[in-house]
**Q** 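Take a look at this one; I'll ask things after.
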Amino acid sequence: MRAVLTAGILAFVVAAAEEKTPKLPPEIQQVMELATAAPPEFTADALLRLVESGNIPKEARKDLISTAFSAASRAQHPVRLVAGPGAALDTRSGFQAGALRLGLDALSLQSRAVDNMLAVDKAAARQLFERLTRPALGVTPCKNPLIPDISTYYDLLVRMALEAYTAQDGEKNSRLAFGQTSIDAIRSTVEIAPAIQFIVAVPWTASQFEIVTGSLIGRMQSLGPDDRSFSWSSGKIELAMASLVARAKQYNAHPERLAEAYRSYLVNSLHAPRCADNIALRARTVSGEALELFGETVRGELAPIAADEMKPGKAEAEPGIENYWQTPESKEIFAQCLALRTGADGRNLTEADRRSREWRRQLNDFLNTLAKWQPASENSEADYYHQRAVVYEALLELAPAGEVRSRILDDYVSFLNSSNVQQQNPVEWYWHIKSTIDRIRGTQPAEAQRVIAALSASGNTVLVLTANLERVAPNHSMFPK
């Protein structure tokens, strides 16, 4: 497969050299060549960034997108995961979820490729979509703090329905057949809210609306208990269902049928075995506000859910959270690093404070402590890597420009290069690199360029690829919208 991808990318370079396609600038050719040697998720991301930058001739975009789509299928992570309650950033699961915000999982990358293809060739977009690997989602165990999030995929469904599946019912590429097939494929509670949003966003005819909502009701009735996913997504489901009921009223399409099916789904979920950390919850929080389940907007004249209907079955496990900065060594590192940022009174130190002789002495002592910190003191090499990388990110923000900051940057790049996490989990490894660039780009653009130059000189394929992408397709945030 790697040989196929390499041949596909290099074909563009050769064709350009032979003037079969418009000649590509050298910096873009270099990115494409580096992408062939990178792990598949970085290959796909790099090619899609080039397409999205507008620097690729239109006639070359289609093949590049197809190559990116194929590479994406080999990504290590099949789907994005998000952190549930308790999985704050300074935890193992928090860092895992943070890394997957980059959208370097197979489903996010393939969805992004199809979305890009829609702007180039709608028929080709349909063909790619039919090859897309939809993860086989199941029940998320209560002990698992991470929950699948496939909202990007459902955003793609909306665009596909609006732009690529517009034929009449019964014809090839019918919107109804596409919608019904998509809803019938629901296998997880986490899909309910985005699926409802998909239905609401598409302009169905009245008869089409009744068919797809009927499919939705069938899927909701077939799903078994999944409290970890349900408790995380129930507020979103409530808001989405309110919109769906409102749309049903517009169509005069039996909104009470939807409300009754939703009530049954909620009672089954609330009455099932619950994760121990969710049992006491009655309302769900969305954007910081409490939200009643089966509220008046949704239920209409139906009775609210009674207390005895919410009585849960047995209590199951709480999520397994691995907190960071808990070992004696990491606690000391954390305390000393924090003292470099804040004074004894808790206020943030000014740049002038951080230029004092005392602060520089304090920094030098800390760097000596940091040099003695070893992976064996932490629970895993990945835990050590995440915590130490955070320290380097903080130091690059705090250290005044000059020789000391340059030394810290060199140490950071050397640390990145030497970590085995790059082979074990390349996305988690890469997250800190992108985080570093994003954190300082807005406030210290000159320092951001120094970081990019250090990555370029590192000799590491992914770091050099990142540096080149920052030049030809800049300002690509680690937090996709």
Side-chain angles (χ1 to χ4, degrees), residues 38-46 48-49 68-69 71-115 132-141 143-156 188-191 193-194 228-229 232-233 236 319-324 380-383 385-387 389-390 393 416 419 421-439 462 465-466 469 476-481:
E41 46 271 276
F42 298 100
T43 302
D45 178 64
L48 293 175
R49 280 182 66 173
F69 181 91
S73 68
R74 298 173 55 242
Q76 180 182 26
H77 297 278
V79 66
R80 179 186 171 189
L81 300 173
V82 296
L89 182 59
D90 276 350
T91 65
R92 181 182 297 169
S93 49
F95 275 94
Q96 291 170 343
L100 288 171
R101 288 187 68 186
L102 289 169
L104 295 178
D105 59 279
L107 183 63
S108 295
L109 285 167
Q110 288 196 316
S111 296
R112 185 172 152 204
V114 176
D115 191 51
L132 188 148
T133 306
R134 180 167 173 161
L137 301 177
V139 173
T140 301
K143 65 182 180 180
N144 194 340
L146 297 178
I147 302 150
D149 177 13
I150 61 172
S151 54
T152 299
Y153 170 78
Y154 275 91
D155 290 341
L156 173 65
S188 170
T189 296
V190 299
E191 297 184 74
R228 177 62 68 221
S229 298
W232 177 76
S233 59
K236 298 175 183 178
I321 305 295
E322 300 284 346
N323 291 300
Y324 282 169
S380 72
E381 185 172 1
D383 291 344
Y385 171 79
H386 285 307
Q387 292 172 100
V390 167
E393 290 182 65
L416 294 170
S419 176
V421 176
Q422 181 177 7
Q423 287 73 44
Q424 298 164 0
N425 196 316
V427 175
E428 287 190 33
W429 170 82
Y430 177 72
W431 182 67
H432 293 283
I433 301 157
K434 202 70 177 75
S435 172
T436 299
I437 295 171
D438 279 14
R439 284 174 65 170
V462 174
L465 175 62
T466 298
L469 280 168
H476 184 83
S477 173
M478 70 178 294
F479 303 123
K481 296 180 179 179

**Q** Tell me, with the steps shown, if I437 and T466 meet side-chain contact (heavy atoms from CB on, under 4.5 Å).
**A** CA-CA 10 Å; I437 295 171; T466 298; 4.0 Å; yes
**Q** Which atoms form the tightest heavy-atom contact between A44 and A68, and what is the distance?
**A** CB-O, 3.4 Å
**Q** Measuring from atom OG1 of T152 to atom CG of L109, what distance do you get when rounded to the nearest 0.5 angstrom?
**A** 10.0 Å
**Q** Within the distance-only criterion (no hydrogens, no angle test), does the side chain of W429 pair as donor or acceptor with the backbone N or O of Q423 below 3.5 angstrom?
**A**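 Here the side-chain-to-backbone pair does not exist.
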**Q** With distance as the sole test, does Q422 use its side chain to make a donor-acceptor pair with the main-chain N or O of S419 at under 3.5 Å?
**A** no
**Q** Using the test side chain to side chain contact (heavy atoms under 4.5 Å, CB included), find all partners of P135 that sit at least two apart in sequence or belong to another chain.
**A** V79, L107, L137
**Q** Run the numbers on Y430 and V421 for side-chain contact (heavy atoms from CB on, under 4.5 Å), then give the verdict.
**A** CA-CA 9 Å; Y430 177 72; V421 176; over 6 Å; no
**Q** Could you check whether any side-chain heavy atom of L156 comes within less than 4.5 Å of a side-chain heavy atom of L132, counting everything from C-beta outward?
**A** yes
**Q** Suppose we screen for ring-ring contact (aromatic ring centres under 6.0 Å, His included). Which residues come up paired with Y324, at least two apart in sequence or across chains?
**A**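 For Y324 the ring-ring contact (aromatic ring centres under 6.0 Å, His included) partners, ignoring immediate neighbours, are F95.
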**Q** My understanding is that only one of E428, R92, Q96, E381 makes a side-chain hydrogen bond (donor to acceptor under 3.5 Å, both in side chains) with H386; could you say which?
**A**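 That would be E428.
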**Q** Test N425 against H77 for side-chain contact (heavy atoms from CB on, under 4.5 Å), laying out the working first.
**A** CA-CA 9 Å; N425 196 316; H77 297 278; 3.2 Å; yes
**Q** Do N144 and R228 come within less than 4.5 Å of each other through their side chains, counting heavy atoms only?
**A**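 No, their side chains stay 4.5 Å or more apart.
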**Q** Going by distance alone, is a donor N or O of one side chain under 3.5 Å from an acceptor N or O of the other, for S229 and T140?
**A** yes
**Q** Please give me the minimum heavy-atom distance between Q76 and E41, naming the atom from each residue.
**A**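 So the two residues come closest at N-OE1, 3.0 Å.
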**Q** If every non-hydrogen atom of L146 is compared with every non-hydrogen atom of A83, which pair is closest and at what distance?
**A**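 Result for this residue pair: CD2-CA, 3.8 Å.
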**Q** Would you call D149-R80 a salt bridge at under 4.0 Å N-O?
**A** yes
**Q** So, S108 side chain and L104 main chain: donor-acceptor pair closer than 3.5 Å or not?
**A**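 No; zero donor-acceptor contacts below 3.5 Å.
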**Q** Using only atom types and a distance under 3.5 Å, with no angle test, would you say the side chain of E191 pairs donor to acceptor with the backbone of I150?
**A** no
**Q** Restricting to non-hydrogen atoms, name the atom on P78 and the atom on D105 that form the minimum distance, rounded to 0.1 Å.
**A** O-OD2, 3.9 Å
**Q** Please report the closest heavy-atom contact between H432 and V390, naming both atoms and the distance.
**A**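 In this case the closest contact between H432 and V390 is CE1-CG2, 3.9 Å.
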**Q** Tell me the closest heavy-atom pair linking L48 and R112, and the distance in Å.
**A**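 Heavy atoms only, the tightest pair is CB-NH2, 3.6 Å.
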**Q** Quick check: does any side chain N or O of T91 sit under 3.5 Å from a backbone N or O of G94, one acting as donor and the other as acceptor?
**A**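 Confirmed, T91 side chain pairs with G94 backbone.
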**Q** Measuring from atom CG of L102 to atom CG of D45, what distance do you get when rounded to the nearest 0.5 angstrom?
**A**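 CG of D45 is found 8.0 Å from CG of L102.
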**Q** Applying side-chain hydrogen bond (donor to acceptor under 3.5 Å, both in side chains), name anything that partners S380, two or more places apart in sequence or on another chain.
**A**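 Partners of S380 under the side-chain hydrogen bond (donor to acceptor under 3.5 Å, both in side chains) test: D383.
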